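Worksheet: one structure, shown below.
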Amino acid sequence: MTPDVLSLLAEPGAVRALAADRLPALAAEIRAFLVDRVCRTGGHLGPNLGVVELTIALHRRFDSPTDAIVFDTGHQSYVHKILTGRARDFGRLRQRDGLSGYPSRAESPHDLVENSHASTALSYADGLARVFALRGQSERYVVAVAGDGAMTGGLCWEAMNNIATAGHERLVIVLNDNARSYSPTVGGFAEHLRRLRSGDADGSMFGQLGLDYLGPVDGHDLAALDAALAKAKRAGRPTVVHVVTTKGHGHEPSERDEADCLHAVGVVDPDTGRPVKPTAATWTDVFGEEIAAIGETRQDVVCLTAAMLRPVGLAAFASRFPERVVDVGIAEQHAVCSAAGMATAGAHPVVCVYSTFLNRAFDQVVMDVALHRLPVTFVLDRAGVTGPDGPSHHGMWDSAVLPVVPGLRVAAPRDAAGLRELLREAVDVDDGPTAIRFPKASAGEDIPAVARVDGIDVLHRGSRSGLDVLLVAAGVMAGPCLDAARRLEAEGIGVTVVDPRWIAPVHPTLPHLAARHRLVVTVEDGNRTGGMGVQLAQACADAAVATPVRNLGLPRRFLEHGVRGELLAAYGLDGESVARHTREALTVGVATR
Ligand SMILES: Cc1ncc(C[n+]2csc(CCOP(=O)(O)OP(=O)(O)O)c2C)c(N)n1
Ligand SMILES: CC(=O)[C@@H](O)[C@H](O)COP(=O)(O)O
Ligand SMILES: [Mg+2]
C-alpha cells in the first residue's frame, strides 16, 4: 500500500473493514510512516513504534468513540491518530497550530485525555464506566491503555482498587508492557511483570485484586491480540490484558538505543536515530555536571528521579555514586515523601523532576517537607515554556505555587554560572527546603553582573541620573530585560535591571530599590498571576512603596504547543515586548495585559 492509503483511513471503521490478511502490510506501512514523519519533526518515536499492532487491534475490536479508548500519558497515541483520519497532519506534528503530540479533544472526538502526566488512564476509565452505567449506556466499553511505566504510578493502584469492586462489566485495562519507562522499569511491580512474562509467577497480582487477567499476549501478533481483546470483551468484568511489546519495534536504531529506545527525539537521521544537527549544551547538562561535582564532597547528598534519570541529568551522578541515586518509578509523590524520610535521617536529598510533574507531589512538598523544615532541594528542569509538549508540560505553575509554601526558597538562575552557584547555595541550606528552576533550552552565554548588592545582581545601571524604570528579571528573563533596557535607554529612559537570583521569598531590599524608580516591571517565565511579580507588588504595598508594579509573565491559561522562543514572544516575554509594555506603562500608566 502506498503511504497515501493511510489518509484513506479516515475513520476506525476503515481499519475494521480491512481483511485480516492485509493488516501486516498496514502495520508495516504505519511503521514506515512513523519513522519518516517523526524523524523529520521530532516526537515520541520508540513508544509509538511499539504500539502499531496493538492500536490496530484496539480499533478493530472496539468502536471508538462510542467505546472510549483512553491512552495513559498519551505520548503513544500517534497510531491512534493515524487510524482516526489524521495521517496527513503529521507534517506539522508538535508545531504551533499543528498536530498535538498527545490526544486533543479539539482534534477529534476519538481523543479523550490531553494530560500528558502519567498514571491517570485507569481513573478516567473508572469514571467513564460509572457514568455510562448511570446513563443506561452500559453497552459502551471503556478501554484504558497504560504502559508498565505508568503502572508504577500510585494513581493507577488507587483506580484499580476501585475498579475491582465497582461491578464494571465492560472495562478493559490494556497493560502495554515493554519493560521500560525511559530506562528499564523499576520496583517490585516490574519484577512481577517479568515473572508473568517468563511464566514463573504463581498467578497475577491483578487476579489477587479481583480483576480478570489475560496474558502475556504477544503485542506484535495481530491475531493473538484480536483473540485476547475479544475474550476480554466477553468477560463481563474488569479484565487486564497483559500485552508484551518492544519499544521501538521494527526500527533498529530505536530498538538498539540503550538509553531509552528513542523515547522522545528531536529531528534525527532515520537510519541512525542520531540528531541531524549538533546540540548545544543544555541547562540539564550544566546541572548534571555540577551535581556530580557536588557529590564528590557532599556524602549527604542523595538524588532522586521519577523514572527519568537521564532526562533530568543524573547519569553522571548515578555512574559515580550509584548508591546515592534512587529511581522511584513514575511516582513523584513517593519521591518527595521518601526524600522527607531521607532528610529526617540526616541526608540532603535532591529531588530532580520536570517542573510540571512536581504538581503531582505538591502536598508532600508542603506537608512532608516544608512543615518539618527539612533540607530538601527540588531541581525543576523544564521550568517555564517548554514548547513541543504543550499545555500539560509547560513548567508554568511552580513559580506561582511554591512561593506560598512557608520556609521554601525558590532560585532562578539566569545562566550556567548562576545555576552552578545557586545549586551550591541551595544544597547548603539546612533549615528548610529549596527549589531551583531552569528551562528546556541551551545554556547560552553567561550574563555578568555589574555589581552584587545584598545578594541581588545588578545587570544594568540606568545612564540617566533620574531612574525611571526598575526591571526585575527572574532567571533567564535577564536576557530579554537587558535587550529591553538597551531599547529604552536609546529613547532616553533610565533603566535599572536586577536579577534577584532567589525569587521567593521577595528580597527585602527590592521594595526600597523600587521606591527609587517611577515604575517597576517584573518579567518571569512563569504564571504571572501568582509568581515573583505578584509577590513583589505585595511586598511593595506592605512597605508602603507607591511605585507601580507591572507584572509580565505567562497568562493564567493553558498554553499551546510550539517552539519555546516563538511562544515566549507571543506572550510578551521577548526584549521588544518588554520594552513596549514598559514604554506604555510609563506613558499611560495602564496595567499590562
Ligand atoms: C507524572 C509523570 N511523570 C513523568 C512523566 C514523564 N514520562 C513520560 S513517558 C514516561 C515513561 C512512560 O513509560 P510507559 O508508561 O511504560 O510507556 P512507554 O513509553 O514505555 O510506552 C515518563 C516517565 C510523565 N509523563 N508524567
Ligand atoms: C511524555 C513525556 O512526558 C516525556 O516523554 C516528555 O515528552 C519528554 O520531554 P522532553 O523531550 O522535554 O524531555
Ligand atoms: Mg513501558
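In this text, all values refer to a predicted model and were calculated from it rather than measured experimentally. Both ligands and their constituent atoms are indexed starting at 1 by order of listing.
- In the vicinity of His44, heavy-atom distances shorter than 4.0 Å reach the ligand 2 atoms 1 (C), 4 (C), 5 (O), 6 (C), 7 (O).
- Aromatic ring centres of Phe357 and Trp397 lie farther apart than the 6.0 Å criterion allows.
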Pair Asp389-Arg94, salt bridge (charged side-chain N to carboxylate O under 4.0 Å, His left out): steps then yes or no: CA-CA 7 Å; Asp389 280 297; Arg94 307 196 326 161; 3.4 Å; yes
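- The atoms of ligand 1 that sit less than 4.0 Å from any heavy atom of Glu332 are 1 (C), 2 (C), 3 (N), 4 (C).
- Listed by number with element, the atoms of ligand 1 under 4.0 Å from a non-hydrogen atom of Gly147 are 14 (P), 15 (O), 16 (O).
- Neither the backbone nor the side chain of Ser119 comes within 4.0 Å of ligand 1, counting heavy atoms alone.
- Taking a cutoff of 4.0 Å between a charged side-chain nitrogen and a carboxylate oxygen, Lys81 and Glu107 qualify as a salt bridge.
- Between Phe71 and Tyr102, a ring centre-to-centre spacing not shorter than 6.0 Å is recorded.
- Minimum-distance N/O/S atom of Asp148 relative to the Mg ion (ligand 3): OD1.
- Ion pair Arg310/Asp260 not flagged as a salt bridge, since none of the NZ, NE, NH1 or NH2 atoms sits closer than 4.0 Å to an Asp/Glu carboxylate oxygen.
- Taking 2.8 Å as the threshold, Gly50 does not count as a candidate ligand of the Mg ion (ligand 3), since none of its N, O or S atoms lies below it.
- Below 4.0 Å from some heavy atom of Asp389 lie the following atoms of ligand 2, by number and element: 6 (C), 7 (O), 9 (O).
- Taking the six-membered ring for Trp, His242 and Tyr213 have ring centres closer than 6.0 Å.
- In terms of polar-atom proximity, defined here as any N/O pair under 3.5 Å, Ala150 does make such a contact with ligand 1.
- Neither the backbone nor the side chain of Gln76 comes within 4.0 Å of ligand 1, counting heavy atoms alone.
- Side-chain contact, Thr73 with His117: no donor N or O sits under 3.5 Å from an acceptor N or O.
- Donor-acceptor pairing under 3.5 Å is recorded for the side chains of His251 and Ser254.
- Contact annotation for Asn178 and ligand 1: only side-chain heavy atoms (C-beta onward) come within less than 4.0 Å of the ligand.
- Per-residue contacts place Arg360 under 4.0 angstrom from the following atoms of ligand 1 (heavy atoms of the residue considered): 1 (C).
- Taking distance alone, with nitrogen or oxygen atoms compared against 3.5 Å, Ala118 approaches ligand 1 more closely than that limit.
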As a quick check of understanding, evaluate side chain to side chain donor-acceptor pair (under 3.5 Å) for Thr305 and Asp327, giving each step before the final call. CA-CA 5 Å; Thr305 176; Asp327 177 355; 5.1 Å; no
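- Residue contacts with ligand 2: His263 is placed with a nitrogen or oxygen under 3.5 Å of a nitrogen or oxygen of the ligand (distance criterion only).
- Close N/O approach between His393 and ligand 1 is not found [any backbone or side-chain N/O within under 3.5 Å].
- Each of the atoms 18 (P), 19 (O), 20 (O) of ligand 1 lies under 4.0 Å from some heavy atom of Lys247.
- Note: no N/O pair closer than 3.5 Å links His75 and ligand 2 by distance alone.
- Near Ser116, meaning under 4.0 Å from one of its heavy atoms, ligand 1 places the atoms 24 (C), 25 (N), 26 (N).
- Using a 4.0 Å cut-off to heavy atoms of Gly149, the atoms of ligand 1 that qualify are 13 (O), 14 (P), 15 (O), 16 (O).
- Less than 4.0 angstrom separates some heavy atom of Met308 from each of these atoms of ligand 1: 4 (C), 6 (C), 23 (C).
- For ligand 1, one of its N or O atoms has an N or O atom of His75 under 3.5 Å away.
- The pair Asp111-Arg86 meets the salt-bridge criterion, with a side-chain N (NZ, NE, NH1 or NH2) lying under 4.0 Å from an Asp/Glu carboxylate O.
- Taking the six-membered ring where tryptophan is involved, the planes of His59 and His80 are essentially parallel, since the angle between them stays under 30° and well short of 60°.
- Using a 4.0 Å cut-off between charged side-chain N and carboxylate O, Arg437 and Asp398 make a salt bridge.
- Salt bridge Arg564/Asp525: present, at least one basic N to carboxylate O contact under 4.0 Å.
- Listed by number with element, the atoms of ligand 2 under 4.0 angstrom from any heavy atom of Phe357 are 3 (O).
- Heavy-atom distances between Met308 and ligand 2 stay at or above 4.0 Å for every pair.
- In this structure, His117 does not count as a contact residue of ligand 2, since none of its heavy atoms falls inside 4.0 Å of the ligand.
- Under the 6.0 Å cut-off for aromatic ring centres, His561 and His394 do not qualify, their centroids lying 6.0 Å or more apart.
- Annotation for ligand 2: atoms under 4.0 Å from non-hydrogen atoms of Lys440 are 10 (P), 11 (O), 12 (O).
- Counting the atoms of ligand 2 from 1 in the order shown, those under 4.0 Å from a heavy atom of His393 are 2 (C), 3 (O), 4 (C), 6 (C), 7 (O).
- Close contacts between ligand 2 and Tyr182 involve ligand atoms 4 (C), 5 (O), 6 (C), 8 (C) [criterion: under 4.0 Å to a heavy atom].
- Between Ser116 and ligand 2, not a single N/O pair is under 3.5 Å apart.
- In this structure, atom 22 (C) of ligand 1 lies nearest to the protein heavy atom Tyr182 CE1, 3.6 Å.
- Every N/O-N/O distance between Arg94 and ligand 2 stays at or above 3.5 Å.
- Less than 4.0 angstrom separates some heavy atom of His117 from each of these atoms of ligand 1: 26 (N).
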